[in-house]
2 protein chains.
Amino acid sequence: MRIGEAARHSGVSAKMIRHYESIGLLAPAARRDNTYRDFDIRDVHDLAFIRRARDLGFSIEEIGRLLALWRDRDRPSREVKEIASAHIAEMEARIARMQEMVATLRHLAECCAGDERPDCPILSGLAGIDADAPGNSHPRQPDHADQRADQR
Amino acid sequence: MRIGEAARHSGVSAKMIRHYESIGLLAPAARRDNTYRDFDIRDVHDLAFIRRARDLGFSIEEIGRLLALWRDRDRPSREVKEIASAHIAEMEARIARMQEMVATLRHLAECCAGDERPDCPILSGLAGIDADAPGNSHPRQPDHADQRADQR
DNA sequence: ATAAACCCTCCCATCATGGGAAGGTCAAGC
DNA sequence: GCTTGACCTTCCCATGATGGGAGGGTTTAT
């Protein structure tokens with residue numbers, strides 16, 4: 001089948017199929033008449049595998065390793081689980097960071113009237129005025145410089 | 001002060017300061033001797049504002065709007081709150097998507113022995129074998145094609 | 001024969017950030 | 001005076017995953 005059909009059956013766009021081939025995630029597809037790519041069922045299975053792994057947030061690099069293990073009948077499931085566990089931990093860390101951001105921002109937003117008046121705790125917070133600090137009602141010098149939050 | 005000092009005081013790298021200027025997020029900095037940029041306290045305040053907004057996950061585009069509102073003494077706090085609320089909603093949606101991925105993957109990983117044997121529910125799951133489906137113990141044809149999950 | 005629906009390869013854009021090259025400036029120390 | 005080192009400048013390239021689109025070729029059905 002041609003790339004469009006393979007795309008439809010696998011849920012991976014033709015654009016991405018070519019891309020995965022170009023970066024070596026997939027072996028170069030067979031060619032018909034030396035121009036059009038020619039896919040069979042197994043290729044579609046590979047693509048659907050990739051698609052599902054992407055849907056679970058795995059990076060291309062991780063998917064490459066998962067594909068290799070999938071093809072290796074003698075793999076130890078330990079190796080698969082290690083990749084999955086590391087990925088879970090990574091996602092949970094990202095979730096935690098985002099939840100912190102949401103909590104901080106929600107707190108600021110709750111204190112904001114959100115009306116026609118200009119006073120705004122959200123802007124004050126971004127400007128470095130810590131409304132929660134005891135006895136602190138004036139701007140603080142930006143004396144922070146190195147605490148990289150490592151977010152996103 | 002020169003860019004390095006402004007970077008140290010604001011927590012924004014020199015590289016990014018130049019970048020923010022080049023994309024118009026910040027007005028072009030003053031120049032000394034027609035070559036080096038020259039920053040004052042207010043510039044550093046702006047940079048620290050940007051830095052905090054980035055730490056809360058705002059995009060550059062959102063930060064541009066927040067900066068404009070910050071500088072406008074007559075802003076309605078409503079507008080600020082709208083931006084913040086939309087951003088909170090966006091982050092929560094992303095968190096929810098990631099939590100779904102984690103839940104799915106954790107489930108697969110829990111069923112995986114993680115030892116030297118090759119049997120692996122994680123790989124089976126990625127290959128499209130739905131272990132949870134009742135009476136389903138053989139591979140499923142990849143008959144999905146259009147349900148874009150809109151994740152990440 | 002022509003139109004529609006495919007396919008091909010390339011290049012560019014996104015978003016935020018960093019690396020690094022090639023070169024200019026300035027202050028301190030010899 | 002001259003070197004050294006620590007700055008600064010601009011410009012280009014890379015990341016990761018994905019899409020857009022140009023310019024051109026092929027196949028198939030009417």
Side-chain angles (χ1 to χ4, degrees), chain A residues 1-26 28-39 43 47 50-67 87 90-91 94 97-98 101 148-152, chain B residues 1-26 28-39 43 47 50-67 87 90-91 94 97-98 101 148-152:
Chain A
M1 78 190 75
R2 290 178 301 184
I3 200 169
E5 204 179 340
R8 256 171 272 128
H9 284 114
S10 66
V12 178
S13 73
K15 209 88 188 185
M16 290 313 297
I17 295 175
R18 293 191 199 99
H19 179 62
Y20 292 151
E21 182 185 302
S22 83
I23 63 176
L25 182 63
L26 294 169
R31 298 284 181 145
R32 227 177 352 175
D33 333 295
N34 212 18
T35 59
Y36 290 9
R37 287 177 182 79
D38 193 11
F39 299 86
D43 298 321
L47 289 166
I50 292 173
R51 169 70 202 276
R52 290 198 193 84
R54 292 293 301 128
D55 284 355
L56 290 179
F58 285 105
S59 68
I60 297 296
E61 193 269 334
E62 287 165 326
I63 294 174
R65 283 187 277 150
L66 290 171
L67 272 173
H87 181 53
E90 161 75 24
M91 279 200 289
R94 275 196 277 160
R97 273 184 260 127
M98 289 188 24
M101 295 184 210
R148 280 263 116 81
D150 159 51
Q151 79 290 5
R152 261 176 314 288
Chain B
M1 79 189 75
R2 291 178 299 183
I3 199 169
E5 203 179 341
R8 257 170 271 128
H9 283 114
S10 67
V12 178
S13 72
K15 209 87 186 185
M16 290 313 296
I17 295 175
R18 293 192 198 99
H19 179 62
Y20 292 151
E21 183 185 300
S22 82
I23 63 176
L25 182 63
L26 293 169
R31 298 284 182 147
R32 226 176 352 176
D33 333 296
N34 212 18
T35 57
Y36 290 9
R37 288 178 183 78
D38 193 10
F39 298 85
D43 297 322
L47 289 167
I50 293 173
R51 170 69 204 275
R52 289 197 194 84
R54 292 294 300 128
D55 284 355
L56 289 179
F58 285 105
S59 69
I60 296 296
E61 191 270 334
E62 287 166 326
I63 294 174
R65 283 187 278 149
L66 290 171
L67 272 173
H87 180 53
E90 161 75 24
M91 279 199 290
R94 275 196 275 158
R97 272 184 261 128
M98 291 186 27
M101 295 184 209
R148 281 265 115 79
D150 160 52
Q151 76 291 6
R152 265 176 313 288

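Scope of the values below: all heavy atoms of this structure, side chains included, with no hydrogens, waters or symmetry mates. We name chains A, B, ... by the order of the sequence lines, and we start the count at 1 in each one.
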Do any side-chain nitrogens or oxygens of R32(B) fall under 4.0 Å of OP1 or OP2 in dG24(C)?
no
Does a nitrogen or oxygen in the side chain of R37(A) sit under 4.0 Å from OP1 or OP2 of dC8(C)?
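Checking dC8(C) against R37(A), a side-chain N or O does come within under 4.0 Å of OP1 or OP2.
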5' to 3', nucleotides 25-30 of chain D under a 4.0 Å protein heavy-atom cut-off (B base, S sugar-phosphate only, - none) gives BBS---
Between [N] ([atom2]) and [X] ([atom1]): distance, integer Å:
X      : N       : atom1 : atom2 : answer
R54(B) : dG18(C) : CZ    : P     : 10 Å
H19(B) : dT10(D) : NE2   : P     : 14 Å
I50(A) : dG16(D) : CD1   : P     : 16 Å
K15(B) : dT9(D)  : NZ    : C1'   : 11 Å
I3(B)  : dT10(D) : CD1   : P     : 8 Å
L47(A) : dA17(D) : CG    : C1'   : 16 Å
E90(B) : dC15(C) : CD    : C1'   : 13 Å
L26(B) : dA16(C) : CG    : C1'   : 15 Å

To the nearest 0.5 Å, what is the distance between [atom1] on [X] and [atom2] on [Y]?
X      : Y      : atom1 : atom2 : result
L47(A) : M16(A) : CG    : CE    : 11.0 Å
S10(B) : E5(B)  : OG    : CD    : 11.0 Å
L25(B) : L67(B) : CG    : CG    : 5.5 Å
K15(A) : I17(A) : NZ    : CD1   : 12.5 Å
D55(B) : R97(A) : CG    : CZ    : 11.5 Å

Is there a side-chain contact between L56(B) and R52(B), using heavy atoms and a 4.5 Å cut-off?
no
Is there a side-chain contact between R32(A) and R2(A), using heavy atoms and a 4.5 Å cut-off?
yes
Minimum-distance nucleotide to R18(B) side chain [options: dG18(C), dC8(D), dG19(D)]:
dC8(D)
S59(A) side-chain proximity, nearest of dA17(D), dT10(D), dC7(C):
dA17(D)
Enter the inter-axis angle for the ends of the helix from dA1(C)-dT30(D) to dC30(C)-dG1(D) (five pairs per end, rounded to 10°).
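End axes: 40° apart.
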Are the side chain of H87(A) and the backbone N or O of E62(A) linked by a donor-acceptor pair below 3.5 Å?
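Pair absent, no side-chain N/O of H87(A) close to backbone of E62(A).
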The criterion is side-chain hydrogen bond (donor to acceptor under 3.5 Å, both in side chains); which residues satisfy it with R37(A), sequence neighbours excluded?
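Listed in chain order: E21(A).
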With sugar-phosphate meaning primed atoms plus P, OP1 and OP2, does R31(B) contact a base, only sugar-phosphate, or nothing at under 4.0 Å between heavy atoms?
sugar-phosphate
